[in-house]
Amino acid sequence: MEGERRASQARSSGLPAGGADGESPGGSAPFPGNSGSSALLQAEVLDLDEDEDDLEVFSKDASLMDMNSFSPMMPTSPLSMINQIKFEDEPDLKDLFITVDEPESHVTTIETFITYRIITKTSRGEFDSSEFEVRRRYQDFLWLKGKLEEAHPTLIIPPLPEKFIVKGMVERFNDDFIETRRKALHKFLNRIADHPTLTFNEDFKIFLTAQAWELSSHKKQGPGLLSRMGQTVRAVASSMRGVKNRPEEFMEMNNFIELFSQKINLIDKISQRIYKEEREYFDEMKEYGPIHILWSASEEDLVDTLKDVAGCIDRCCKATEKRMSGLSEALLPVVHEYVLYSEMLMGVMKRRDQIQAELDSKVEALTYKKTDTDLLPEEIGKLEDKVECANNALKADWERWKQNMQNDIKLAFTDMAEENIHYYEQCLATWESFLTSQTNLHLEETSEDKP
Amino acid sequence: MEQAPRDPERQLQPAPLEPLGCPDAGLGAAIGKEAAGAGEEDSGVDTMTHNNFWLKKIEISVSEAEKRTGRNAMNMQETYTAYLIETRSVEHTDGQSVLTDSLWRRYSEFELLRNYLLVYYPHIVVPPLPEKRAEFVWHKLSADNMDPDFVERRRIGLENFLLRIASHPILCRDKIFYLFLTQEGNWKETVNETGFQLKADSRLKALNATFRVKNPDKRFTDLKHYSDELQSVISHLLRVRARVADRLYGVYKVHGNYGRVFSEWSAIEKEMGDGLQSAGHHMDVYASSIDDILEDEEHYADQLKEYLFYAEALRAVCRKHELMQYDLEMAAQDLASKKQQCEELATGTVRTFSLKGMTTKLFGQETPEQREARIKVLEEQINEGEQQLKSKNLEGREFVKNAWADIERFKEQKNRDLKEALISYAVMQISMCKKGIQVWTNAKECFSKM
């Protein structure tokens, strides 16, 4: 299910905008928005009266219906935004529709890979046109995720399906695997589209709209591999320090994440196991009915009864097949996505800790006068802003994520319960009608016997 | 009390109409009354009334099972299970039952009883015993003979065995059966004194007859095929059922894990906590419900197993017929050859090769006196042979008639019982579905409140 736009709690300075925009994450950033933005905007708007530049930007009118003008992301006027916010929860407000389908195999001399067709339909002004069709491969998705994480280190980025699943995989490209991955990729993109901040990310837009060669050249920009690696090493080292001074609420968050991760992993295993057991039950049941038919061939009196029993068993067999497929559609993907989410969350915590660690190390340096301390106060100021920004971003997104999680889990399990109820109701009906027919037959027979 | 040794080959009538010796007043009276009134006890028509009549008179139950240790024939320690058999006679007027007999028997004694009945009632489809060792087990079921569930199911099976005999119009009157229920000590000796083991047809003889018989009654041939098919299909069904039960067990039990994890998870959730916790409880209920469900199904399996074993009893009757028929054919053949010899001697022609012909050629013709003597001997033998053939023919026909009557009775019983079993299977499935609906409806409510 798509993430909901939620009226989040009021917060102070703005969330950093998408990367290519070039806005510094430190200051109150203009929040590019248009119809369908969340109430985050509202808080933004009201608090930004001291920043004249932003107000100016806000007063510009961007026509929603002007599809053809390629203009940088421009928000509508505050008034129109307030009006829109009332309708926030209605699905009509969604203005970005994405589908992922048509997996296709490509064979080159070096490798074989799968691409997926991505169709985007939108009414947003900043998009060149209202419909786009592109082909992307898994690597491209990985790239997008990386960019999003880079731009928003403490936002909860939706998880990608795994690169490959070692256990139980015979061939990398078997149909089930591809289908599961396709669905997960579809979910991934839609979750980004539903996220109040990520939906306006520039890289996201490019991912959805650019032609293959455009994307390649765009990808080549940005920090190189080596510098990224350097960042990772520093990140690991400093995140350890960040843990020490982690504020209380984030300690709580971390505890939750750890426990949640444990539990959701267990639930994932249990659910997979249930599917496996149901499949094996189904396989055995398929053999069970026909034996009764075989038996009826050597009987006289019992023929009808045996054939009826065989029929009932076969019908129950079909019902069990349906139950299995319901489980694999409603429950398994959701639970698995949250397994991946829990890993993602731990990464987010680390990044938050790392940002804090940067600040802490500078503060430490200042306190102990380890290095040249002239520039430190200014740096510290910037870092303090950075930390506050990161923390607020995470807090907001955390609430939103938790709410989504509750809804998703609730729906998934309710669906599973519904599937089971339906299964048992079908089987019940089958056997009850058999019983009725037997009693009716009996009554007929006994009335025939009477002289 | 000696029971006169009976030649099973000659026996056509069921066991003695009058119980031998001095029977217990109550039970004996019942039997006597039955015997006096019954002229055509083996006709199918009277079966129903006989059954009801008999069952009203006494109640038999195998009420307990007990582990015992003792010394066996080779003076070695062994552990075995003993079963308590209680017999009650029911008063007409007030329906109250009075305990008349109670004794302990072990499985091997039941086997002895059955083997005796097989020898003395070869034309009857003798009810089978419950299995000696647990077969068609699925992983949760134990294959151990001492396992309490197995013992319990065997107890029920043994009771069923005794009730089947007691409700059989012919078998119920047997003296040895009566003593089985009433005379604890010395019963084994009494059975063995009948010498029934000696009278049993040898397997080899029976096998030989099966291969060589030329003209068996077609009905018996068909019956043999039917019993083979029945055995094969029920075995197959029981095997698959066991596998299905295994898988079903797995599905239910894994859901139980949800219970534990939900409970742990609910500790960290504020809004979802209650819903998770109570849903988890329902998952536990679901998981544990399978135990009763499968136990009921085990009884269904036992009902099918009885008929699996009945197939062998059917084959035993067919074998007996083939043996008798073969015997008859051999006797007829023997008679024909003797007649021919006689004829040749009388007319002086030697049409076929014979030892006499050879020796005549070698040693010279015999004297007329010698020939007369031989003819006389042959004529005597032929006479005897004709008598024997006549009585064998009669026996054969009687056997076929009586056996077929019992087989018809058996068929009716089988159709009734199996239909009932299949219906009870449906009832079990319905109950399982209803339980499932209830649990999942409760769980769904909990989930939706999360």
Side-chain angles (χ1 to χ4, degrees), chain A residues 255-256 259-260 262-264 266-267 269-271 273-274 276-278 280-285 287-288 291-292 294-295 297-302 305-306 308-309 312 316 406 409-421 423-432 434-435 438-439 442, chain B residues 225-226 229-230 233-234 236-237 240-241 243-244 246-255 257-258 260-262 264-265 267-269 271-272 275-276 279 286 411-412 414-415 418-419 422-423 425-427 429-430 432-450:
Chain A
N255 287 340
F256 182 95
L259 270 160
F260 175 80
Q262 266 179 30
K263 300 311 156 200
I264 200 72
L266 280 171
I267 292 185
K269 282 203 185 66
I270 296 169
S271 309
R273 180 66 189 276
I274 288 179
K276 177 171 166 285
E277 294 286 341
E278 282 184 5
E280 290 181 339
Y281 172 70
F282 171 70
D283 287 339
E284 295 295 350
M285 277 291 265
E287 229 190 289
Y288 196 31
I291 298 178
H292 294 79
L294 188 67
W295 187 358
S298 46
E299 293 289 337
E300 289 154 9
D301 264 22
L302 293 171
T305 311
L306 284 169
D308 289 343
V309 169
C312 288
C316 290
Q406 281 174 358
I409 296 285
K410 171 174 153 176
L411 189 68
F413 277 105
T414 311
D415 280 350
M416 173 178 89
E418 184 61 50
E419 280 291 338
N420 276 292
I421 293 173
Y423 161 73
Y424 281 112
E425 279 177 345
Q426 276 203 298
C427 291
L428 181 68
T430 303
W431 288 108
E432 276 185 337
F434 165 79
L435 212 58
Q438 289 300 309
T439 2
H442 179 71
Chain B
H225 287 148
Y226 170 73
E229 279 171 15
L230 187 72
V233 85
I234 294 186
H236 192 193
L237 198 144
V240 176
R241 190 212 71 88
R243 289 205 298 263
V244 170
D246 209 10
R247 291 291 159 223
L248 192 64
Y249 184 79
V251 171
Y252 272 74
K253 285 297 178 190
V254 182
H255 279 87
N257 289 316
Y258 274 145
R260 187 177 46 89
V261 180
F262 281 175
E264 290 166 3
W265 185 1
I268 54 171
E269 290 288 344
E271 295 113 24
M272 283 217 299
L276 270 178
Y286 182 67
K411 278 190 187 166
E412 303 258 309
K414 170 203 71 145
N415 287 336
L418 287 175
K419 195 159 189 181
L422 288 165
I423 289 176
Y425 183 73
V427 170
Q429 298 304 304
I430 287 173
M432 177 173 94
C433 291
K434 284 189 173 158
K435 277 190 212 169
I437 291 174
Q438 184 176 58
V439 164
W440 282 105
T441 308
N442 291 341
K444 181 179 167 191
E445 210 180 295
C446 296
F447 286 134
S448 59
K449 285 201 185 112
M450 290 199 318

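Quick caveat, the model's predicted, so the values are computed rather than measured. Proteins come first, then strands; the chains are lettered A, B, ... in the order of their sequence lines, and each starts at number 1. Heavy atoms only: backbone and side chains are in, while hydrogens, waters and symmetry mates are out.
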Checklist line | From CD (A/E278) to CG (B/L248), nearest 0.5 Å | finding: 10.0 Å
Check: Roughly how far, to the nearest 0.5 Å, is the OG atom of B/S448 from the CG atom of A/L411?
Finding: 11.0 Å
Next item on the list: Mind ranking A/M416, A/E419, A/Q406, A/Q438 by heavy-atom pairs under 4.5 Å with chain B and telling me who comes out on top?
Entry: A/Q406
Item checked: Donor-acceptor contact present, side-chain A/K410 to main-chain B/F447, <3.5 Å -> no
Note to self: Looking at every heavy atom in both A/W431 and B/A426, which two are closest together, and how far apart are they?
What the structure shows: CE3-CB, 3.5 Å
Notebook entry, point to check: Distance from B/N257 atom CG to A/I270 atom CD1, nearest 0.5 Å?
Noted result: 4.5 Å
Margin query: What part of A/F413 gets within 4.5 angstrom of chain B, counting heavy atoms only: side chain, backbone, both, or neither?
Written below: both
Item checked: Heavy-atom closest pair, residues A/E284 and B/V244 -> CB-CG2, 3.8 Å
Next item on the list: Give the member of A/I264, A/T414, A/N420, A/T430 that has the highest number of heavy-atom pairs under 4.5 Å with chain B.
Entry: A/N420
Check: Is chain B contacted by the side chain of A/F260, its backbone, both, or neither, given a heavy-atom distance below 4.5 Å?
Finding: both
Notebook entry, point to check: With a 4.5 angstrom heavy-atom cut-off, which part of B/I234 approaches chain A: side chain, backbone, both or neither?
Noted result: side chain
Notebook entry, point to check: Within a strict 4.5 Å, meaning less than it, do heavy atoms of the B/E229 and A/W295 side chains meet?
Noted result: no
Note to self: Need one label for A/L435: side chain, backbone, both or neither, based on atoms under 4.5 Å from any heavy atom in chain B.
What the structure shows: side chain
Margin query: With side chain to side chain contact (heavy atoms under 4.5 Å, CB included) as the criterion, how do A/Q262 and B/W265 come out once you've worked through the C-alpha distance, each side chain's angles and the decisive distance to 0.1 Å?
Written below: CA-CA 9 Å; A/Q262 266 179 30; B/W265 185 1; over 6 Å; no
Checklist line | Top contributor to chain A contacts, counting heavy-atom pairs under 4.5 Å, from B/L230, B/L276, B/V254 | finding: B/V254
Notebook entry, point to check: For chain A, which of B/M432, B/M450, B/K435 has the most heavy-atom pairs under 4.5 Å?
Noted result: B/M450
Check: Which heavy atom of B/I423 sits nearest a heavy atom of A/F434, and at what distance?
Finding: CA-CE2, 4.5 Å
Margin query: Nearest 0.5 angstrom please: A/D301 CG to B/E412 CD, how far?
Written below: 7.5 Å
Margin query: Given heavy-atom pairs under 4.5 angstrom as the criterion, report whether the side chain, backbone, both or neither of B/H225 touches chain A.
Written below: neither
Check: Is a salt bridge present between A/E287 and B/R243, judged by a nitrogen-to-oxygen distance below 4.0 Å?
Finding: yes
Next item on the list: Of all the heavy-atom pairs spanning B/G250 and A/E277, show the shortest one and how long it is.
Entry: CA-OE1, 3.6 Å
Margin query: side chain to side chain contact (heavy atoms under 4.5 Å, CB included), that's the test. Do B/K434 and A/E432 meet it? Break it down for me.
Written below: CA-CA 11 Å; B/K434 284 189 173 158; A/E432 276 185 337; 3.9 Å; yes
Note to self: So which residue, A/V309, A/L294, A/L266, A/I267, ends up with the most heavy-atom pairs under 4.5 Å with chain B?
What the structure shows: A/I267
Note to self: Do B/Y258 and A/I274 make a side-chain contact, defined as non-hydrogen atoms from C-beta onward lying under 4.5 Å apart?
What the structure shows: yes
Check: If you measure from the Lys or Arg side-chain nitrogens to the Asp or Glu carboxylate oxygens, is any gap between B/K414 and A/E299 under 4.0 Å?
Finding: yes
Check: How about B/D246 and A/Y281: do any of their side-chain heavy atoms sit closer than 4.5 Å?
Finding: no
Margin query: Can you confirm whether B/Q438 is buried at CD, in the sense that more than 12 heavy atoms of other residues, nucleotides or ligands lie under 6.0 Å from that atom?
Written below: no
Item checked: B/R247 CZ to A/Y288 OH distance, which is reported to the nearest 0.5 Å -> 15.5 Å
Next item on the list: For chain A, find which of B/E271, B/K411, B/K253 contributes the most heavy-atom pairs closer than 4.5 angstrom.
Entry: B/E271
Check: Who wins among B/N442, B/L418, B/V439 for the most heavy-atom pairs under 4.5 Å with chain A?
Finding: B/L418
Next item on the list: Any chance you could measure A/C312, atom SG, to B/Q429, atom CD, to the nearest 0.5 Å?
Entry: 9.5 Å
